[in-house]
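Please read the structure below before turning to the comments.
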Amino acid sequence: MEKIKMTTPLVEMDGDEMTRILWQMIKDELILPFVDLKTEYYDLGLPEREKTKDKVTLDAANANKKYGVAVKCATITPNAQRVEEYNLTEMWKSPNGTIRAVLDGTVFRAPILLDSIKPAVRSWTKPITIARHAYGDVYKAAELKAPEGVKAELVYTDKEGKETRETIYDFECPGILQGQYNKETSIRAFAHSCFKYAIDTKQDLWFSTKDTISKKYDHTFKDIFAEIYENDYKAKFEELGLEYFYTLIDDAVARVIRSKGGYIWALKNYDGDVMSDMVSTAFGSLAMMTSVLVSPDGNYEYEAAHGTVTRHYYKYLKGEETSTNPMATIYAWTGALRKRGELDGLSDLVDFAKKLEEACIATLNSGVMTKDLVNLAEGIETKAVNSKDFILEIKKNLLSLY
Ligand code: NAP
Ligand code: MG
């Protein structure tokens with residue numbers, strides 16, 4: 001067949017360890033034979049970040065802003081042990097954090113469903129997409145340990161030096177304290193990303209906070225969402241038959257468990273962190289979770305929800321066979337190629353993304369899978385294969401669709 005043409009380059013962000021190995025296999029076997037691939041390549045692998053003093057990450061994020069669509073491999077976020085292992089001059093920041101700071105977005109995570117893997121919650125027949133606000137709250141909080149007998153206050157000071165105070169607690173015994181914040185600009189960006197993504201994927205949007213208890217903090221999130229919905233999205237939602245539904249977080253949790261799925265659940269930073277692990281585990285596996293960062297001005301960064309799978313990489317380095325699941329990384333590629341195709345009006349590129357996903361599902365439905373899934377699958381005969389054989393089986397199924 002003739003290779004599918006592209007017009008605008010995709011921003012390609014390579015990464016680390018086992019996922020870097022999978023990245024190359026996916027490109028060689030599943031993309032390059034079919035697509036005349038145009039990418040602007042950035043190596044976000046830790047050695048290159050060290051070599052460029054992390055400039056490569058910032059360049060990649062800016063390229064994402066310029067071209068609109070990126071695909072990212074999992075990357076190491078250095079800690080003390082990695083500083084030693086890679087001989088780093090600095091503990092470079094999380095690339096995801098750097099990219100998020102440039103794009104100012106929301107992370108959407110959705111599971112890939114299989115007939116043979118039943119969710120732990122029996123009523124779930126459609127995916128639940130988690131939309132996590134990835135800025136502020138407890139992740140940027142100031143904390144103190146309060147000794148006995150102190151009075152704790154919340155204080156802000158304006159430009160003229162005038163103070164506004166609120167008593168938190170008079171401590172008759174030792175205690176603990178925390179000060180959180182968020183920014184209206186970030187909450188607005190979060191809301192716009194959620195409404196746009198709901199329209200994009202034609203799904204209802206749920207949003208939940210604890211506004212009855214947190215009458216200023218959480219209530220501000222609720223009010224901003226309500227205002228933006230009324231002003232900017234209500235008409236489009238009604239036209240598409242979609243619903244925007246706000247409820248308290250405890251009510252939302254109960255409703256999610258009783259639901260069939262098939263909607264986006266928007267959550268504040270901490271709630272999203274916790275609920276996305278709950279939802280992905282209940283659907284099966286982190287290796288079957290897709291993830292995309294969407295910015296309010298319409299930039300997209302597709303990635304896998306899992307890390308670089310270090311444990312498997314060390315086995316790989318010793319020459320041992322590994323059975324790492326490449327599904328989430330393949331779906332990062334299909335997500336990015338589909339979006340690029342949609343933006344550039346390239347229907348055969350969109351069609352290729354769809355076919356590649358179909359080939360993945362067909363492979364799994366035939367029982368050929370990586371080790372992590374073998375124990376989860378029910379009602380079919382399974383065969384555990386290594387990553388390479390799994391990818392080659394997908395390629396065979398993809399070829400049969402052309
Ligand atoms: P991880 O890479 O997600 O792996 C944790 C464990 O989950 C693995 O050891 C493996 O379990 C299982 N697993 C994850 N993905 C899998 C896959 N595709 N196929 C099969 N099994 C899979 O998390 P980590 O080991 O905590 O972190 C490793 C590195 O990744 C760290 O340096 C961290 O900074 C980085 N990280 C990057 C990102 C990102 O770039 N988005 C996200 C998270 C972490 P078994 O060992 O039991 O098989
Ligand atoms: Mg977490």
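Counting starts at 1 for both ligands and their atoms, in listed order.
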Could you check whether Tyr302 and Trp333 have their ring centres less than 6.0 Å apart?
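Not under 6.0 Å, so no.
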Please confirm whether Phe108 and Tyr197 have ring centers closer than 6.0 angstrom.
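Ring centroids of Phe108 and Tyr197 are less than 6.0 Å from each other.
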Using a 4.0 Å cut-off to any heavy atom of [X], which atoms of ligand 1 qualify?
X: Thr310; result: 28 (C), 29 (C)
X: Ala74; result: 40 (O)
X: Gly307; result: 1 (P), 2 (O), 3 (O), 30 (O), 36 (N), 37 (C), 38 (C), 42 (C), 43 (C), 44 (C)
X: Thr324; result: 17 (C), 18 (N), 19 (N)
X: Asn96; result: 39 (C), 40 (O), 41 (N)
X: Lys72; result: 40 (O)

Test: side chain to side chain donor-acceptor pair (under 3.5 Å). Region: residues 281-293. Which pairs qualify, not counting sequence neighbours?
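Found Arg109-Ser291, Ser291-Glu303.
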So which of Asn325, Thr77, Ile99 gets nearest to atom 20 (C) of ligand 1, if we judge by its closest heavy atom?
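Minimum heavy-atom distance to atom 20 (C) of ligand 1 goes to Asn325.
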Any idea which of Gln81, Glu303, Arg311 brings a heavy atom closest to atom 47 (O) of ligand 1?
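Checking each option, the heavy atom nearest atom 47 (O) of ligand 1 is found in Arg311.
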Evaluate side-chain contact (heavy atoms from CB on, under 4.5 Å) for Asn62 paired with Val102, printing each intermediate quantity in order.
CA-CA 7 Å; Asn62 285 321; Val102 171; 3.8 Å; yes
Would you say Cys73 and ligand 1 have an N/O pair spaced under 3.5 Å apart?
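In fact, backbone or side chain, Cys73 has no N or O that close.
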Heavy atom of the protein closest to [atom] (residue, atom name, distance):
atom: atom 11 (O) of ligand 1; answer: His312 NE2, 4.3 Å
atom: atom 37 (C) of ligand 1; answer: Thr75 O, 3.0 Å
atom: atom 17 (C) of ligand 1; answer: Ala287 CB, 3.6 Å
atom: atom 29 (C) of ligand 1; answer: Thr308 OG1, 3.0 Å
atom: atom 13 (N) of ligand 1; answer: Val309 CG1, 4.1 Å

Checking contacts here: is it the side chain or the backbone of [X] that comes within 4.0 Å of ligand 1, counting heavy atoms only? Could be both or neither.
X: Glu17; value: neither
X: Arg82; value: side chain
X: His306; value: both
X: Lys371; value: neither

Going by the salt bridge (Lys or Arg N to Asp or Glu O under 4.0 Å) test, which pairs reach into residues 60-70, not counting sequence neighbours?
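Every pair satisfying salt bridge (Lys or Arg N to Asp or Glu O under 4.0 Å) with a residue in residues 60-70: Lys65-Asp297.
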Identify the residue among Phe225, Phe245, Trp265, Tyr244 that makes a ring-ring contact (aromatic ring centres under 6.0 Å, His included) with Trp206.
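With Trp206 as partner, Phe225, Phe245, Trp265, Tyr244 yield a single ring-ring contact (aromatic ring centres under 6.0 Å, His included), made by Phe245.
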Any protein heavy atom < 4.0 Å from [atom]:
atom: atom 2 (O) of ligand 1; value: yes
atom: atom 32 (O) of ligand 1; value: yes
atom: atom 5 (C) of ligand 1; value: no
atom: atom 35 (C) of ligand 1; value: yes

Does Thr322 reach the main-chain N or O of Thr324 with its side chain, forming a donor-acceptor pair under 3.5 Å?
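No; zero donor-acceptor contacts below 3.5 Å.
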When you measure from the side chain of Asp14 to the backbone of Asp43, do you find a donor-acceptor pair of N or O atoms at a distance under 3.5 Å?
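Not confirmed, Asp14 side chain does not pair with Asp43 backbone.
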Do the ring planes of Phe195 and Tyr233 sit parallel (below 30°), tilted (30 to 60°) or perpendicular (above 60°)?
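Geometry flag for Tyr233 against Phe195: parallel rings.
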Plane angle bin for Tyr246 and Phe207 - parallel if under 30°, tilted between 30 and 60°, otherwise perpendicular:
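Ring orientation of Phe207 relative to Tyr246: perpendicular.
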In terms of heavy-atom contacts, does [atom1] of [X] have more than 12 from other residues, nucleotides or ligands at under 6.0 Å?
X: Tyr316; atom1: OH; value: no
X: Gln178; atom1: CD; value: yes
X: Lys395; atom1: NZ; value: yes

